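This structure is a prediction, so every number in the text was calculated from the model and none was measured. Each residue takes its place number in the sequence, starting with 1.
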Amino acid sequence: MKNVIGNPARGKNFFPRKSEVAKILRALNAGSNIQVVAPRRVGKTSILYHLLEVPNDDFIFVYADMQSVISETEYYKVLLKSISKAEAIKKERTWFDQAKWSKNKFLKRIKSISILNGEMEFTEQSGIDYCEEFSDFIRGLDLGNRKLVLLVDEFPYAILNILKHSKETEHEARNLLKSNRLIRQEPDLNDKLKLIYTGSIGLNSIVSKLDATALINDLIALPVNPLSKKEAKDLVKLLLKTDCYTIEEIPLNHLLDKIQWFIPFHLQLFINEVYNFHETPCEITSAMIDKSIDALLLQRNKPYFEHYFSRLKEYYKGNELKYALEILSITATKNKIETSQIHDLAVKHKVQSYYKDIIETLVYDGYINNSDDEDCYIFNSFIVKLWWKKYAS
């Protein structure tokens, strides 16, 4: 297993997330549409690629990245393009031949896709209702007994981008949410299609600001959790073993005590620092662990953590941003923040009417938690806490 940093781990480099994959497949088999709830870097995109690449008798998975989408029209164009280019779909000659030869009334209506030289081509035309095109495409799809599952990655970014770029921002954002819900609820579409929405920012908090939570309350929320302690140990051992490094139980426990929050990305960064300091394969000691973790805070690693700061500025402005940043700065420097202080700071920044939504977002996005004490919040990650204290406080 190679130590893949920054990109989704795929194939042999994917660490089995059996529990998470099983939860998703169980929900799909029950007929649910899904919102995957997980902070950034916890490994959800790797899980999506695993679903995409492993054959399944019941479902065909297609991946669609929505991070750059800025309109409802573009959203459905991306879905159509993703489906039309997906290798798993191209292999389904039953529906492909229908698109080319049959009297399928739904596929015959579609203006945005044509068949040229045995391949599907996506054609740009003006005046097309791409939501209707998408719906007709799904209605005309024949995949036998299998269902199409669209892995809609970074869906919250599409909503956020529309709010930034559209002249009728909230209206168009709500329209996208409405049309998605209608598609999920339409019986002749529901029998053929399931959707899995994911994002590195919280969909619930964005939708709540639009007063549109009713438009996503049909989705089942499935969390992708950090690794268990056993899984974290297994991952570290597998990564080190690939390059002939070894680690005994005492230093391994020392590492996990330092890391605290077992997300694959942070463990992979640590392994990379081990390699930077000790090129010759060797046995990892507790002293080497301390040195490698300290190195994670060096300037060269700043890009790996900068997003924790910059992404807050993407969806908070003015007093909301100042409030969120002060909450995190206090938590980093004092190691914790009391709920009473959280409320007092909300009054200070004049956000007391909706400060709970901001705290919910900070929890969802993996900054802080109050799992051990409901009256006190702490950073999830020891490393992120140190980084925030050094660079963002």
Side-chain angles (χ1 to χ4, degrees), residues 1-21 24 36-55 61-69 78-79 81-82 85-88 149-158 160-161 196-201 223-227 231-232 234-243 245 259 261-276 279 292-293 295-311 314 365-366 380-381 383-384 387:
M1 178 183 290
K2 295 180 180 178
N3 191 33
V4 179
I5 294 177
N7 294 317
R10 303 174 68 170
K12 294 180 180 179
N13 298 320
F14 175 71
F15 181 76
R17 306 293 296 274
K18 294 179 180 179
S19 176
E20 277 68 23
V21 171
I24 292 171
V36 173
V37 180
R40 186 174 171 85
R41 300 295 195 181
V42 81
K44 60 184 177 299
T45 302
S46 295
I47 292 172
L48 296 186
Y49 275 116
H50 175 76
L51 293 170
L52 189 69
E53 294 168 349
V54 175
F61 294 93
V62 171
Y63 179 84
D65 186 352
M66 297 296 169
Q67 186 157 355
S68 300
V69 164
V78 169
L79 287 183
K81 286 181 180 179
S82 299
K85 293 179 179 180
E87 290 301 320
V149 180
L150 292 180
L151 307 172
V152 187
D153 203 6
E154 300 296 3
F155 180 68
Y157 263 108
L160 196 63
N161 290 341
I196 299 179
Y197 303 93
T198 74
S200 56
I201 56 177
V224 174
N225 298 311
L227 301 175
E231 288 173 328
D234 291 342
L235 176 59
V236 170
K237 289 177 181 178
L238 283 169
L239 292 174
L240 289 173
K241 183 180 179 181
T242 299
D243 292 292
Y245 291 79
I259 293 284
W261 200 44
F262 309 143
I263 65 172
F265 184 63
H266 289 176
L267 295 169
Q268 291 168 317
L269 287 178
F270 160 76
I271 298 288
N272 192 56
E273 287 301 330
V274 169
Y275 295 163
N276 286 337
E279 294 183 5
S292 298
I293 288 179
L296 289 175
L297 301 178
L298 296 176
Q299 188 71 24
R300 69 168 181 263
N301 287 319
K302 192 174 179 181
Y304 294 129
F305 299 97
E306 182 67 26
H307 67 86
Y308 283 105
F309 179 82
S310 61
R311 79 190 201 203
E314 292 181 6
D365 283 357
N380 287 327
S381 168
I383 295 172
V384 175
W387 184 90

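- For Asp243, there are no salt bridge (charged side-chain N to carboxylate O under 4.0 Å, His left out) partners at least two apart in sequence or on another chain.
- Ring to ring, Tyr304 and His266 are not that close: their centroids are 6.0 angstrom or more apart.
- Note that CG of Leu269 and CD1 of Ile383 are 7.5 Å apart. Values are rounded to the nearest 0.5 Å.
- Screening residues 264-275 for salt bridge (Lys or Arg N to Asp or Glu O under 4.0 Å), with sequence neighbours left out, gives Glu273-Arg300.
- Applying the side-chain contact (heavy atoms from CB on, under 4.5 Å) test to Asn272 and every residue at least two apart in sequence or in another chain returns Asn3, Ile5, Asn276.
- Checked against side-chain contact (heavy atoms from CB on, under 4.5 Å), Glu231 has the following partners two or more places apart in sequence or in another chain: Phe15, Leu227, Ser228.
- Partners of Asp365 by side-chain contact (heavy atoms from CB on, under 4.5 Å), not counting sequence neighbours, listed by chain and number: Ile201, Arg311, Tyr315, Thr361, Tyr367.
- Residues forming a salt bridge (charged side-chain N to carboxylate O under 4.0 Å, His left out) with Lys2 (at least two apart in sequence, or on another chain): none.
- Residues passing the ring pair (Phe, Tyr, Trp, His ring centres under 6.0 Å) test with Tyr63, sequence neighbours excluded: Tyr49.
- By the salt bridge (charged side-chain N to carboxylate O under 4.0 Å, His left out) test, Glu53 pairs with Arg10, sequence neighbours left out.
- Under the ring pair (Phe, Tyr, Trp, His ring centres under 6.0 Å) criterion, Tyr157 pairs with no residue at all, not counting sequence neighbours.
- Nearest approach of Pro8 to Thr45, heavy atoms of both residues: CG-CG2, 3.6 Å.
- Taking Glu154 as the reference, nothing meets the salt bridge (charged side-chain N to carboxylate O under 4.0 Å, His left out) condition, with sequence neighbours excluded.
- Under the ring pair (Phe, Tyr, Trp, His ring centres under 6.0 Å) criterion, Tyr197 pairs with Phe155, not counting sequence neighbours.
- Taking the side-chain contact (heavy atoms from CB on, under 4.5 Å) definition, one finds that Lys237 meets it with Ile247, Glu249, Leu252, sequence neighbours left out.
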